[in-house]
Structure formats: structure tokens, C-alpha cells
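Keep in mind that this is a model prediction, so the values were computed, not measured. First the proteins, then the strands, lettered A, B, ... as listed; each starts at 1.
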2 protein chains.
Amino acid sequence: MDIEIDIESGEPLFEQLVSQIKSAVKARKLTPGDGLPTIRQLAGDLRINNKTVAKAYRLLERDSVIQTKGYRGTFIHPDALANSAFDIKVHVHGLLGNVIAKLRQEGATDSEIRIAFSELMKSPLTMPTDNGEKTHA
Amino acid sequence: MDIEIDIESGEPLFEQLVSQIKSAVKARKLTPGDGLPTIRQLAGDLRINNKTVAKAYRLLERDSVIQTKGYRGTFIHPDALANSAFDIKVHVHGLLGNVIAKLRQEGATDSEIRIAFSELMKSPLTMPTDNGEKTHA
DNA sequence: ATTTGTACCATTTGATGTAAGGGTACAAGT
DNA sequence: ACTTGTACCCTTACATCAAATGGTACAAAT
């Protein structure tokens, strides 16, 4: 598995890592059980910061594309192929986009939307308020 | 109708204007048909910028608390009392808050949410996409 | 004890937003 | 013609965040 990074590209480094590994999974170049280099190893090879690689790994694990097993290292997740198809960015874009469109339609200014958003993002303890109409089962 | 502005208060000037006029309506100090000072007049009296007052008036008219009649000036809206009760900030907070809570719960990072939000707010042409989306896997 | 991912402290750089101010110009209503 | 709200150009000061880097420290697994 070759991972290459383009510093010049506008795309964030951690994002390049994530999409390259997902692509490799989709292309069957990486299959469940395959081992990945350690964070420090990969960071050293690419000459980038450990934290940048760690960030990519963290996201990949959240998406269940990889699996970390402590001391033993990091491996391709059993369901990696299916999970690589899902892009949470698209999901977030969809849900947020609908609400924004609705609010704009109702007359809310972009400033009002932005300010409310900022305030909401400041409190990390947001619990779902379930006063919506389309609650799914 | 006395309008007073506190420059020292952290609250934005245009917001002070809006809330004071809404309060006056709720307190029946301003009733439908009452005339308001012109933007330039009020800005001069309070020694603030025209645009600050104009912004407050624009928001008040959007909320149908006041009504501008071109040359004749600005007046309290017939339904001002009812409309003063509605606070769009609360509404925006509610809708946005639910989506944010849901996305966080689904594992989206705050960065991902913020970035998607920024991208969406950049395109002023957002149309409602009405997709009856449910929970993903 | 060693290596793993991870968490925490910090920093710099660049982008982007709000709020407010200043000036100029214009269509619409009377 | 005159005044209205409004639209556009610009600027300032302030705040926040992303991305990346650097260093230190730690629980878990063997």
C-alpha cells in the first residue's frame, strides 16, 4: 500500500490520508485484516506530524474502516468495504443544508443563522430535543 | 417613545433597538399606526450610524412589527403585538440545535459540522432539498 | 518493559465572520 | 422637488476557527 501526500494540494493532509485509504479499500488493495503502518511510522515516512496521521486514523476508525488493537497495531476493519462507501460529509451536508434552506426561506438572515450556529457549537453537551415532527422509529 | 442606547453594553446596537421597540409594542406604548422616527432622524438623535438603525428597521419589518411606507415613513404594523411575541432567534436555535445534536450523536466531529456549515452558507442559493432522509446504517 | 493509540499542553498561519462606521446613489411615493 | 427606505462601494476592530506542528505523558496490551 503506497500512500502519497501532496503538500501543495489545497486538500488537508489528514483528508488526503483518509480518502486514499478508503480508495484503497474500495479498490481491494486493502482487505479486512491487512495491517497498516503505525502512526509514528507513517508520519515519519511522509515526514508529517504524528498528530496529522493520528487524526486521519481516528476518523477512519470512527467510520469503521480501520480497527485499532492497542499494542498490536491498526488493521482494516471486517466491514471496511461497505463502510468506505459512506461519506459522513455528504450526510452532514444534507441534513444541515435542509435546515439552512428552511430557515432562509422563513426569513432568517444569514447572520442570525450563523450566530445561532456558533452559540450552539460552543456547548459540547447538546442533547437531542426531540420536538421535531419526523422522528424516525 | 424613548429609545436609549447603551454603547457599553455588550449587546449589539441594532439588537438593542429591535428589542426596545418590540418591548414598547408589548407594553402598549407603541400601538398599530403609530409613527416611528425616520432612520436618519433616529440615527442622528442617538448619534449612531444610519446603517445601524436601518438594520434594526429591516429586521423589524421582516418580523412584521413595523411597516415602511416609502415617503410617508415607518409605522407600527397592525399585527405588531402578536408578531412581537415571536423571536426568530429562538426558532433558529431550536431547528439548528436539533440537527447539530443529531449529527454529533451520529459521530460527526464539530470540525466536520462547522466546515459543512461554512460551505453551505457560502452559496446564497440554497433551495430546500426535501429529501425524506432517515437514519443511515 | 516496550510499543500501541491517544490525550493534553502549547504555537503559528490563514481564512472568515460580525458589528459598526462613512460615503454615495437611486427608485418610489407624494 | 423632496424625503423615504434602501442598495452599493469601502474601512476598521475584534473574535473564532481550521490545519498543522512540537513536546510530554499515559493506559492498555503483550
Side-chain angles (χ1 to χ4, degrees), chain A residues 5-18 35-44 46-62 66-75 77 89 108-124, chain B residues 5-18 35-44 46-62 66-75 77 89 108-124:
Chain A
I5 291 300
D6 179 11
I7 307 283
E8 300 305 321
S9 154
E11 195 182 6
L13 303 183
F14 76 91
E15 216 168 287
Q16 295 184 39
L17 292 177
V18 169
L36 274 78
T38 70
I39 287 178
R40 291 170 177 85
Q41 175 73 46
L42 186 52
L46 299 175
R47 255 164 253 137
I48 61 180
N49 196 278
N50 287 353
K51 306 197 63 167
T52 303
V53 178
K55 186 175 184 177
Y57 274 36
R58 197 183 326 127
L59 292 174
L60 285 166
E61 184 168 34
R62 178 205 56 188
I66 66 175
Q67 221 173 8
T68 78
K69 299 189 176 178
Y71 168 65
R72 302 178 55 195
T74 304
F75 303 89
H77 191 278
K89 282 169 60 177
T109 68
D110 280 14
S111 282
E112 285 168 336
I113 297 174
R114 269 190 243 260
I115 288 172
F117 179 82
S118 292
E119 283 171 3
L120 286 162
M121 294 303 286
K122 277 177 191 167
S123 39
Chain B
I5 291 301
D6 180 11
I7 307 284
E8 300 305 322
S9 154
E11 195 183 7
L13 303 182
F14 76 91
E15 216 168 288
Q16 295 184 39
L17 291 178
V18 169
L36 273 78
T38 71
I39 288 179
R40 293 171 176 85
Q41 175 72 45
L42 185 51
L46 299 175
R47 255 166 253 136
I48 61 180
N49 195 278
N50 288 351
K51 307 198 59 165
T52 303
V53 179
K55 185 174 184 178
Y57 273 35
R58 196 183 327 129
L59 293 175
L60 286 166
E61 183 167 36
R62 178 204 57 190
I66 66 176
Q67 221 174 9
T68 77
K69 299 188 176 179
Y71 169 64
R72 303 178 54 196
T74 304
F75 304 87
H77 190 279
K89 283 169 59 178
T109 67
D110 279 15
S111 283
E112 286 168 336
I113 296 174
R114 269 191 244 260
I115 288 172
F117 179 83
S118 292
E119 285 172 2
L120 287 162
M121 294 303 285
K122 277 177 190 167
S123 39

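Residues A/Leu59 and B/Thr109 meet the side-chain proximity criterion, which asks for heavy atoms closer than 4.5 Å. No side-chain heavy atom of B/Thr38 sits under 4.5 Å from any side-chain heavy atom of B/Thr74. In this structure, B/Tyr57 and B/Ile39 have side chains that are in contact, with non-hydrogen atoms separated by less than 4.5 Å. A 4.5 Å side-chain heavy-atom check between B/Ile48 and B/Leu17 finds at least one atom pair inside the cut-off. With a 4.5 Å cut-off on side-chain heavy atoms, B/Arg114 and A/Phe117 count as touching.
Straight-line distance from the CZ atom of B/Phe117 to the C1' atom of C/dT18: 13 Å, rounded to whole Å. If you take CG of A/Leu59 and P of C/dT6, they are 10 Å apart, rounded to a whole angstrom. One interatomic measurement links the two molecules: CZ of B/Arg40 to P of D/dG5, which rounds to 7 Å at whole-angstrom precision. Rounded to an integer number of Å, the gap from CG of B/Leu42 to P of C/dG21 is 12 Å. Protein atom CZ of B/Arg62 is 13 Å distant from nucleotide atom P of D/dT6, rounded to whole Å. Across the protein-nucleic acid pair, A/Ile39 atom CD1 and C/dA7 atom C1' stand 12 Å apart, rounded to whole Å. If you take OH of B/Tyr57 and C1' of D/dT4, they are 12 Å apart, rounded to a whole angstrom. Straight-line distance from the CG atom of B/Leu17 to the P atom of D/dG5: 14 Å, rounded to whole Å.
Among the heavy atoms of the strands lying under 4.0 Å from B/Arg72 are primed sugar atoms or P, OP1, OP2 only; no base atom is included.
Side-chain N/O atoms of A/Arg58 and base N/O atoms of C/dG5 include no donor-acceptor pair closer than 3.5 Å.
Taking a cutoff of 4.0 Å between a charged side-chain nitrogen and a carboxylate oxygen, B/Glu15 and B/Lys89 qualify as a salt bridge.
Here the nucleotide nearest the side chain of A/Tyr71, chosen from D/dT4, C/dT6, D/dA29, is D/dA29.
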Set out, line by line, the N/O atom pairs under 3.5 Å between protein and nucleotides 17-22 of chain D.
unit_1 : atom_1 : unit_2   : atom_2 : d
D/dC17 : OP1    : B/Arg114 : NH1    : 3.3
D/dC17 : O3'    : B/Arg114 : NE     : 3.4
D/dA18 : OP1    : B/Ser111 : OG     : 3.1
D/dA18 : OP1    : B/Arg114 : NE     : 3.1
D/dA19 : OP2    : A/Lys55  : NZ     : 3.4
D/dA20 : OP1    : A/Leu13  : N      : 2.2
D/dT21 : OP2    : A/Asn49  : N      : 3.0
D/dT21 : OP2    : A/Thr52  : OG1    : 2.7
D/dG22 : O6     : A/Lys51  : NZ     : 3.3

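Between A/Ala108 and A/Ile113, the shortest heavy-atom contact is CB-CG1, 4.0 Å. Among all heavy-atom pairs drawn from B/Phe14 and B/Ala56, the shortest one is O-CB, 3.6 Å.
Taking CD of B/Gln67 as the reference point, atom CZ of B/Arg72 lies at 10.0 Å (rounded to 0.5 Å).
The bend of the helix from C/dA1-D/dT30 to C/dT30-D/dA1, defined by the angle between the axes of its first five and last five pairs, stands at 40° to the nearest 10°.
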